[in-house]
Enquirer: 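Here's a structure for you.
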Amino acid sequence: MNVYETKTVSQLLSGNSYPGRGVIMGKSPLGKAVIGYFIMGRSENSRNRIFEEDEKGNIYTKPFDESKVEDPSLIIYRAIAQYEDKIVVTNGDQTDTIVDGLAAGKTAREALFTREFEPDAPNFTPRISGVLTKNGTDFGYEMSILKSADAEGTGCNRFFYDYKAVEGVGHLIHTYEENGSPLPTFQGEPRRIEIPESIDDFFEELWGSLNEDNRISLYVEYFDLENDESESIMINDNETRQFNEGI
């Protein structure tokens, strides 16, 4: 097994009907910082979502149709936040836990030791997080997963990964290995992926790799740290379908 082998997101995600939610961090071939986050859904409640950006650059999950909201507790949250020199991306309200911890002088790891996997038995969905730290014109990033120690949810195992940013390379972590009942939790380390220089190419490949019936929303952002500029693309499948149907 070649531990340094990188694969495209298409190779990793195409054919997987339900990887769940996914966090991506990495570096483009010419040195841009890259983040990505996608959500998928099987139930009507989880499919009833869109991404929305506020004036500070935070990305939130929001209900697409307020009248259809059943249980907002695990599906509505701030997914992406910027705090000082850090960008935080997670699949739940642990985004706030990390930001609050950083503000209190803690590390993201210390903050996450106060959290566990989601209480959605029998799936016990893991909490996945990424924190990208800028350092002048360079950066590094860390990723983590908090998941159930067993099928009964009797304890939480926490795994943390610290990465040096390498040109053209990134890492992908998602909540589930594949579709199933209960949903099988992601196994092993974050997957090593190829990061192209073009945000358009990466966005199109990633969105096209997600199962068309289950994909909900995708956000990708490239940061040019030398020029202090960024470029982002966001898509919400609910809005796209509404537009195409002429509603």
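Atom set for the values below is all heavy atoms of this structure, side chains included, hydrogens, waters and symmetry mates excluded.
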Enquirer: With distance as the sole test, does Thr61 use its side chain to make a donor-acceptor pair with the main-chain N or O of Ile75 at under 3.5 Å?
Expert: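 Checking the backbone N and O of Ile75 against the side chain of Thr61, a donor-acceptor pair under 3.5 Å is found.
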
Enquirer: Without hydrogens or angle criteria, can the side chains of Ser198 and Tyr222 be said to hold a donor-acceptor pair below 3.5 Å?
Expert: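 No - no donor-acceptor pair under 3.5 Å links their side chains.
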
Enquirer: Ignoring hydrogens and angles, tell me if any N or O in the side chain of Arg127 forms a donor-acceptor pair with the backbone of Asn91 under 3.5 Å.
Expert: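 Answer holds: no.
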
Enquirer: State whether the side chain of Asn179 and the backbone N or O of Tyr18 hold a donor-acceptor pair below 3.5 Å, judged by distance alone.
Expert: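 Answer holds: no.
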
Enquirer: With a 3.5 Å distance limit and no angle check, can you tell me whether Gln187 reaches the backbone of Glu177 through a side-chain donor-acceptor pair?
Expert: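 Not at all, since once roles are kept as given, no pair shorter than 3.5 Å links the two residues.
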
Enquirer: Search all heavy atoms of Ile195 against all heavy atoms of Gly26 and return the closest pair with its distance.
Expert: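 Reported closest heavy-atom pair: CG1-CA, 4.4 Å.
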
Enquirer: Set out, in order, the CA-CA distance, both residues' side-chain angles and the distance that settles side chain to side chain contact (heavy atoms under 4.5 Å, CB included) for Arg158 and Glu116, then state yes or no.
Expert: CA-CA 8 Å; Arg158 299 175 178 87; Glu116 294 188 346; 3.8 Å; yes

Enquirer: Please evaluate residues Lys27 and Tyr163 with respect to the criterion side chain to side chain contact (heavy atoms under 4.5 Å, CB included), reporting the C-alpha separation (whole Å), side-chain torsions for both, the decisive distance (0.1 Å), and the verdict.
Expert: CA-CA 11 Å; Lys27 192 174 191 178; Tyr163 295 104; over 6 Å; no

Enquirer: Indicate yes or no: at least one non-hydrogen side-chain atom of Leu225 is less than 4.5 angstrom from one of Asp138.
Expert: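 Of all side-chain heavy-atom pairs linking Asp138 with Leu225, none is under 4.5 Å.
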
Enquirer: Does the Asn123 side chain pair with the main chain of Leu183, one donor and one acceptor, at a distance under 3.5 Å?
Expert: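 Yes, Asn123 side chain to Leu183 backbone: donor-acceptor pair under 3.5 Å.
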
Enquirer: Does one side chain, of Asp85 or Thr133, offer a donor that lies under 3.5 Å from an acceptor on the other?
Expert: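 The criterion, which ignores hydrogens and geometry beyond distance, is not satisfied for Thr133 and Asp85.
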
Enquirer: Is atom CG of Asp228 surrounded by more than 12 heavy atoms (other residues, nucleotides or ligands) closer than 6.0 Å?
Expert: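 At most 12 heavy atoms, drawn from other residues, nucleotides or ligands, come within 6.0 Å of this atom.
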
Enquirer: Is a side-chain N or O of Thr175 found less than 3.5 angstrom from the main chain of Arg21, in a donor-acceptor match?
Expert: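 A pair under 3.5 Å: yes.
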
Enquirer: Looking at side-chain heavy atoms only, is the closest gap between Ile216 and Asp237 below 4.5 Å?
Expert: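 Not in contact.
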
Enquirer: What I want to check is whether the side chains of Ser10 and Glu205 have a donor and an acceptor closer together than 3.5 Å.
Expert: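 No - no donor-acceptor pair under 3.5 Å links their side chains.
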
Enquirer: Does Lys147 count as lying over the ring of Phe159, i.e. NZ or CZ under 6.0 Å from the six-ring centre, within 45 degrees of the axis?
Expert: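 Lys147 over Phe159 ring: yes.
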
Enquirer: Going by atom types alone, do Ser73 and Asp71 pair a side-chain donor with an acceptor below 3.5 Å?
Expert: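 The answer is yes; a qualifying pair exists.
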
Enquirer: Lys62 and Ile76: which non-hydrogen atoms are nearest, and at how many Å?
Expert: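 Taking every non-hydrogen atom into account, C-CD1, 3.9 Å.
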
Enquirer: Quick one: sort the His174 and Phe186 rings into parallel, tilted or perpendicular, breaks at 30° and 60°.
Expert: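 The arrangement is perpendicular - the two ring planes meet at more than 60°.
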
Enquirer: Quick one: do Leu132 and Leu218 end up in the same hydrophobic cluster if we chain Ile, Leu, Val, Met, Phe, Trp and Tyr together by side-chain heavy atoms under 4.5 Å apart?
Expert: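 The answer is no; the residues belong to distinct hydrophobic clusters.
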
Enquirer: For the residue pair Thr95 / Thr90, report whether a side-chain donor-acceptor contact shorter than 3.5 Å exists.
Expert: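 Judged by distance alone, the side chains do pair up.
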
Enquirer: Check the surroundings of atom NZ in Lys86: do more than 12 heavy atoms from other residues, nucleotides or ligands lie under 6.0 Å from it?
Expert: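 Atom NZ in Lys86 is packed in, count exceeds 12.
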
Enquirer: Look only at the side chain of Glu197 and the backbone of Gly168, and say whether a donor-acceptor pair between them is shorter than 3.5 Å.
Expert: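 Between the backbone of Gly168 and the side chain of Glu197 there is no qualifying donor-acceptor contact (under 3.5 Å).
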
Enquirer: Looking only at non-hydrogen atoms, find the nearest pair between Phe124 and Ala151 and report the distance.
Expert: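 Minimum heavy-atom contact is CE1-O, 3.3 Å.
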
Enquirer: Which atoms form the tightest heavy-atom contact between Leu112 and Phe160, and what is the distance?
Expert: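 Looks like CD1-CE2, 4.0 Å.
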
Enquirer: Quick one: does Phe139's side chain get under 4.5 Å of Phe223's, heavy atoms only?
Expert: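 Side-chain contact under 4.5 Å: no.
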
Enquirer: Is Arg49 reaching over with its side chain to a backbone N or O of Asn236, donor-acceptor style, under 3.5 angstrom?
Expert: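 Side chain of Arg49 to backbone of Asn236: no pair is present.
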
Enquirer: Taking Asn45 for the side chain and Glu70 for the main chain, is one N or O donor matched with an acceptor at less than 3.5 Å?
Expert: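 A pair under 3.5 Å: yes.
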
Enquirer: Going through the checks in order, is the side chain to side chain contact (heavy atoms under 4.5 Å, CB included) test met by Val89 and Tyr219?
Expert: CA-CA 11 Å; Val89 185; Tyr219 180 87; over 6 Å; no

Enquirer: Stepwise, does the side chain to side chain contact (heavy atoms under 4.5 Å, CB included) test hold for Glu84 with Leu102?
Expert: CA-CA 9 Å; Glu84 296 183 344; Leu102 294 172; over 6 Å; no

Enquirer: Within the structure provided, determine whether Met40 and Pro19 are in side-chain contact (heavy-atom separation under 4.5 Å).
Expert: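 Touching, per the 4.5 Å side-chain cut-off.
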
Enquirer: Determine whether Leu172 and Phe38 make a side-chain contact, defined as any pair of heavy atoms from C-beta on separated by less than 4.5 Å.
Expert: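 Result yes, sub-4.5 Å side-chain heavy-atom pair found.
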
Enquirer: What heavy-atom pair brings Thr6 and Glu194 nearest, and what distance separates the two atoms?
Expert: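 Where Thr6 meets Glu194 most closely, the heavy atoms are OG1-CG, 3.5 Å.
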
Enquirer: Heavy atoms only: give me the nearest Thr185-Pro126 pair and the separation to one decimal.
Expert: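 The pair with the smallest heavy-atom distance is CG2-CG, 3.9 Å.
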
Enquirer: Got Val34 and Ile199 here, is their nearest side-chain heavy-atom distance under 4.5 Å?
Expert: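 SC-SC contact between Val34 and Ile199 ruled out.
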
Enquirer: Are the side chain of Arg191 and the backbone N or O of Val9 linked by a donor-acceptor pair below 3.5 Å?
Expert: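 No: the side chain of Arg191 does not pair with the backbone of Val9.
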
Enquirer: Looking only at side-chain N and O atoms, does Arg47 offer a donor or acceptor that is under 3.5 Å from a partner on Asn214?
Expert: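 The criterion, which ignores hydrogens and geometry beyond distance, is satisfied for Arg47 and Asn214.
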
